[in-house]
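First comes the structure, then the notes that go with it.
Labels below follow one simple rule: chain letters A, B, ... track the order of the sequence lines, proteins then strands, and each chain is numbered from 1.
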Amino acid sequence: MPESIVGQSVGRVDARAKVTGAAQFPGDLVLPGMLHGKILFAGRPHARVLGVDAAAALAVPGVVAVLTAADVPVNEYGLQTADQPVLCGPGSSRPGADVVRWEGDHVAVVVAESAEAAARGRDLVRVEYEGLPLLTDPFAALEPGALLLHPHKPASEIHPELNVPGNLLSHHQLRKGDVAAAWAEADVIVEAEYRTPSQEHAYLQPEAGLAYIDEEGRVTVAVAGQWTWEDQRQIAHALDVPPEAVRVIYPAIGGAFGGREDMSLQIVLALAAWKLRRPVKIIWSRQESIVGHCKRHPMWFQCRWGARRDGKLVAAQVRVVADGGAYCYTTNKVLGNTTVTCTGPYEIPNVWVDVDGVYTNNPPFGAFRGFGAPQGIFAAEMQMNKLARALGMDPVEVRLKNLLRDESLTAMGTPLPGGVSLVEVTARCAEAAGWRKTLSGWARPLCPPRPETPHLRRGIGLAVALKNIGFSFGYQENCWAKIELQGEREIERATVYLGAAEVGQGSHTAIQQMAAEALGLRREYVQLVMSDTATSPGSSGSVSASRMTFMAGNAVRGAAESALRLWQAEERPAVAEYVYLAPPTTPFDPETGHGVPNFAYGYVAEAVEVEVDVETGELHLLRVVCANDVGKAVNPRMVEGQIEGGIAQAVGWAVMENLVTEGGRVRSDRLSTYLIPSALDVPGQIDAVIVEHPDPRGPWGVRGMGEMPFIPLAPALVAAVHDATGIWFDELPLTPERIVSGLTGKGTETRRP
Amino acid sequence: MLARPGLVSFDYVRARTPGEVVQLLAEHGADARLMMGGTDLLVRIRDGAVRPRLVVDLKHLPGMRDILYQQQAGLTVGAAVTMNQLARHPAVVAHYPLLAQAANSVASYPLRNRATIGGNLCNASPCADTAPPSYVLAGRIVVHGSAGEQEVAIADFFRGPGQTVLQPGQFVTAIRFPPSPAAASGRYLKLGRNKAGDLAIVSVAVLGFPDASAPSGYRFRIALGAVAPVVLRVPAAEEWLAHHPPGAETFARAADLAAAAASPIDDVRASADYRRAMVRTLTRRGLNAVADTIAAPTGSA
């Protein structure tokens with residue numbers, strides 16, 4: 001048996017191709033006779049399409065076809081519920097599909113011999129609209145009598161238990177103990193409102209794809225996504241063909257972060273190639289990408305938490321309203337996570353939580369790294385840091401009194417599965433960040449004032465988070481894998497088939513390491529055939545929810561065991577398929593929210609050291625310490641990369657990224673107006689503390705970690721700014737301008753939209 | 001309409017003589033665009049904001065990439081001198097450090113390898129980084145046209161955002177700076193939303209030097225960027241500084257006057273209120289920094 005490969009920082013399988021430029025991204029793909037498509041966006045957030053006149057577009061030399069709503073066999077799609085038209089317009093096969101509900105809705109696709117001709121044609125498509133009233137405020141959308149945005153799609157289709165008309169798209173609630181009675185026990189009560197902003201994924205590679213009919217007659221879409229099997233299902237539904245007639249391939253993917261979980265141009269590409277029987281390619285510009293895909297949910301929190309003088313929490317009441325935007329996307333699932341996380345990683349005897357998601361005419365809000373947890377944890381950890389101040393206790397000390405342990409009951413009335421390491425990650429983070437354990441408890445490091453630069457103030461803050469691994473709430477998580485062993489006396493080659501998407505996070509490398517480990521082979525013997533529904537017909541699930549290493553590891557291990565058994569039985573080649581089924585979970589009880597919503601969790605604590613220029617409001621992030629329990633680091637260097645990348649992205653959300661909308665339309669639609677952190681804006685020092693507290697059900701103890709480092713950064717940062725300035729900031733992003741108005745006592749209130 | 005990826009095709013001419021440029025502009029009129037670094041033009045072509053049939057590259061005209069310094073005549077910077085070239089040139093660093101600071105603050109290092117001072121000024125963006133220093137250093141723009149060469153004072157060059165006095169057929173070949181006042185010290189300060197790459201939300205150039213003719217013994221020049229349609233000098237503050245002894249109080253008052261002179265806008269990047277407040281902060285910081293490095297007048301203790 002060779003030395004263990006799981007746990008080694010081996011080089012990435014895709015590094016050479018990506019560094020040399022050999023890797024083919026969807027936009028690089030070319031086929032002979034290829035046509036080019038341009039999608040006409042509605043450009044207005046709410047209107048009925050009365051007519052589409054394509055005559056002028058079709059007259060442009062080179063334009064081959066203009067496809068509209070009437071060309072789509074089943075004009076609807078969606079990951080959670082099919083509430084979005086593929087193309088908006090009259091003559092649709094589905095009621096309500098003639099209405100555009102956000103500016104990025106597609107009205108037509110123009111296909112031509114060149115991209116230039118397609119663009120000219122697109123600009124000449126004349127659309128007649130009847131304007132409809134705008135609904136961009138989620139609170140107004142919740143009012144009784146508000147205009148219904150989806151009269152044909154009641155939310156009860158998504159939530160059978162939810163029988164409320166209106167624009168309410170999802171509702172979750174938790175009821176534990178008796179909150180009203182518990183306030184009497186509290187010595188300190190902290191009440192606050194928080195607002196967390198949207199965020200654009202800003203992945204390196206804007207949407208692009210190539211569709212064609214393959215050698216077996218399948219309409220084939222080569223595109224960047226997160227779940228081949230699900231893309232295939234939705235394309236087949238819209239084209240009204242069996243899934244086997246559709247093939248989805250992911251070549252190299254330039255980042256995803258959840259933004260490719262819901263589809264963008266997949267169906268339109270498939271439709272064009274299917275109708276025209278020629279290859280069709282579409283590449284979106286950065287502007288089309290920013291306008292055209294979903295974003296992180298903006299949320300509003302009203303929180304009231306109480307604690308006893310000794311620091312023990314007695315009650316938490318949290319009300320959340322989230323803007324779901326024009327279509328459901330993954331709103332109901334995202335808000336499930338917000339529900340789980342908005343009371344933090346704490347055992348609280350009395351809990352009352354209400355979380356609503358609402359349809360509006362804003363861009364659809366969907367999956368984004370952290371999936372509802374960054375918002376929930378922001379509110380919870382702000383409350384916790386304020387309680388620590390109000391109690392005069394160290395923030396670490398007060399947490400240790402309340403953190404969930406193995407046997408603790410969560411707000412869902414059940415303990416957390418898989419071993420709970422919250423105390424350990426909190427202590428490891430605090431120690432690395434300079435906290436000291438004194439006779440009277442934990443004491444945070446002091447930031448002495450520096451008289452020579454009175455306008456530069458330093459502070460330190462800390463926050464802790466938990467997040468589920470996998471899509472659950474009663475959904476039976478599963479992952480398909482196949483392994484083929486070839487050779488005669490010795491195994492000469494092992495081929496692993498899996499649907500996992502390599503979105504830059506390193507999953508292919510981790511899967512190769514785990515397969516080699518399970519087979520007892522050197523890594524060089526393990527070949528990967530990934531992300532193609534033709535070779536991986538089973539579902540390996542989405543690359544999201546920090547689930548891929550956990551799920552694929554178990555699937556590969558199962559397939560390897562079976563394949564090795566067949567190999568021992570002299571089968572050549574030895575081929576085994578395996579579907580790993582995660583431990584079962586339950587949906588939230590509709591009344592109490594009680595149940596087992598998830599089968600695994602990851603735990604993380606972060607400390608942030610910051611310097612604030614109190615005259616300009618500029619923030620300098622000096623250092624971030626991240627202690628993350630990953631269960632088992634399959635590849636420690638890639639884990640560190642995820643920690644650094646997650647923190648950089650969280651810094652953007654917390655201090656800089658500002659999606660400006662006006663009347664439902666995105667105004668900051670370029671990377672010159674929507675700024676993301678540059679190399680000079682990320683923290684000067686990031687110290688990754690990898691904690692390995694194995695999950696007995698994870699492969700080799702793996703938990704999953706892709707999202708965790710993002711989650712506690714914002715509240716830790718705000719606590720550091722408070723430490724430096726004495727001011728709490730309850731709304732993100734913490735732009736210099738917001739800091740200056742906070743420090744001068746202007747405009748610190750949390751705004752509603 | 002939404003931007004589209006990829007460049008549309010256009011003809012490209014690398015001009016060899018100024019006469020060739022004049023002729024091409026006469027022939028093609030509005031269908032021709034002039035290019036130096038291309039960091040702005042190519043992006044605008046990609047986005048469909050301009051659709052030239054012909055792009056005329058001026059970088060290779062004689063002298064366009066040269067920096068000349070003479071103690072008597074001062075500094076001549078070819079219009080196609082890049083920001084990195086400017087920021088590192090020994091004569092610029094020694095005698096016009098303010099200009100070097102501003103050039104070094106533009107966008108990011110790779111962009112500074114392409115972006116030129118001429119392009120930066122000719123785009124006439126109110127937040128162009130080389131503009132405020134050019135004001136306080138009394139820069140003059142050398143304009144070439146069918147009638148030959150003429151010089152325009154920087155303060156007369158800009159008409160408004162994106163607008164200059166350049167007439168069709170004219171182009172800029174160089175920027176001239178007179179010798180810097182003796183013992184002058186300068187500071188360029190700017191704020192962006194991130195630490196690399198963003199345009200200035202507010203920028204301030206301050207130049208100070210001893211001057212026996214001023215009642216205070218010093219003269220200061222202040223130019224503000226990104227807070228008005230064109231770069232703004234602040235005569236009221238400069239006057240105040242000429243008449244009051246340098247020090248924290250005088251500087252604070254001058255900074256108030258600068259803030260009062262600014263007429264910023266609200267936009268996606270910052271509010272007018274914040275911009276105005278930052279004019280005050282940066283002006284005060286600029287004045288303090290200049291005062292810390294300025295030489296005392298000859299003969300003073």
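- For the set A:A679, A:S678, A:S668, A:G27, the count of heavy-atom pairs under 4.5 angstrom toward chain B peaks at A:S678.
- B:R284 touches chain A through its side chain: at least one heavy atom from C-beta onward sits under 4.5 Å away, while N, CA, C and O do not.
- Contact of A:L619 with chain B is made through the backbone alone, with heavy-atom distances under 4.5 Å.
- When all heavy atoms of B:V268 and A:R667 are compared, the closest pair comes out as CG2-NH2, 3.3 Å.
- You'll find the side chain of B:T281 stays beyond 4.5 Å of the side chain of A:H455, heavy atoms only.
- Residue contact with chain A, scored on non-hydrogen atoms closer than 4.5 Å, involves the side chain of B:R285 exclusively.
- The minimum heavy-atom distance between B:A196 and A:L680, with the atom names listed, is CB-CD1, 3.7 Å.
- Counting heavy atoms from C-beta outward, A:E618 and B:K195 have side chains that stay 4.5 Å or more apart.
- Interface remark: B:S271 contributes backbone and side-chain atoms alike to the contact with chain A (heavy atom separation under 4.5 Å).
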* **Residue pair A:Q287, B:D47: steps toward the side-chain contact (heavy atoms from CB on, under 4.5 Å) verdict** => CA-CA 9 Å; A:Q287 204 184 359; B:D47 289 354; 5.7 Å; no

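- Considering only heavy atoms from C-beta on, A:N658 stays 4.5 Å or farther from B:R193 through its side chain.
- Between chain B and the options A:T673, A:V660, A:T616, A:I676, the largest number of non-hydrogen pairs under 4.5 Å is found for A:T616.
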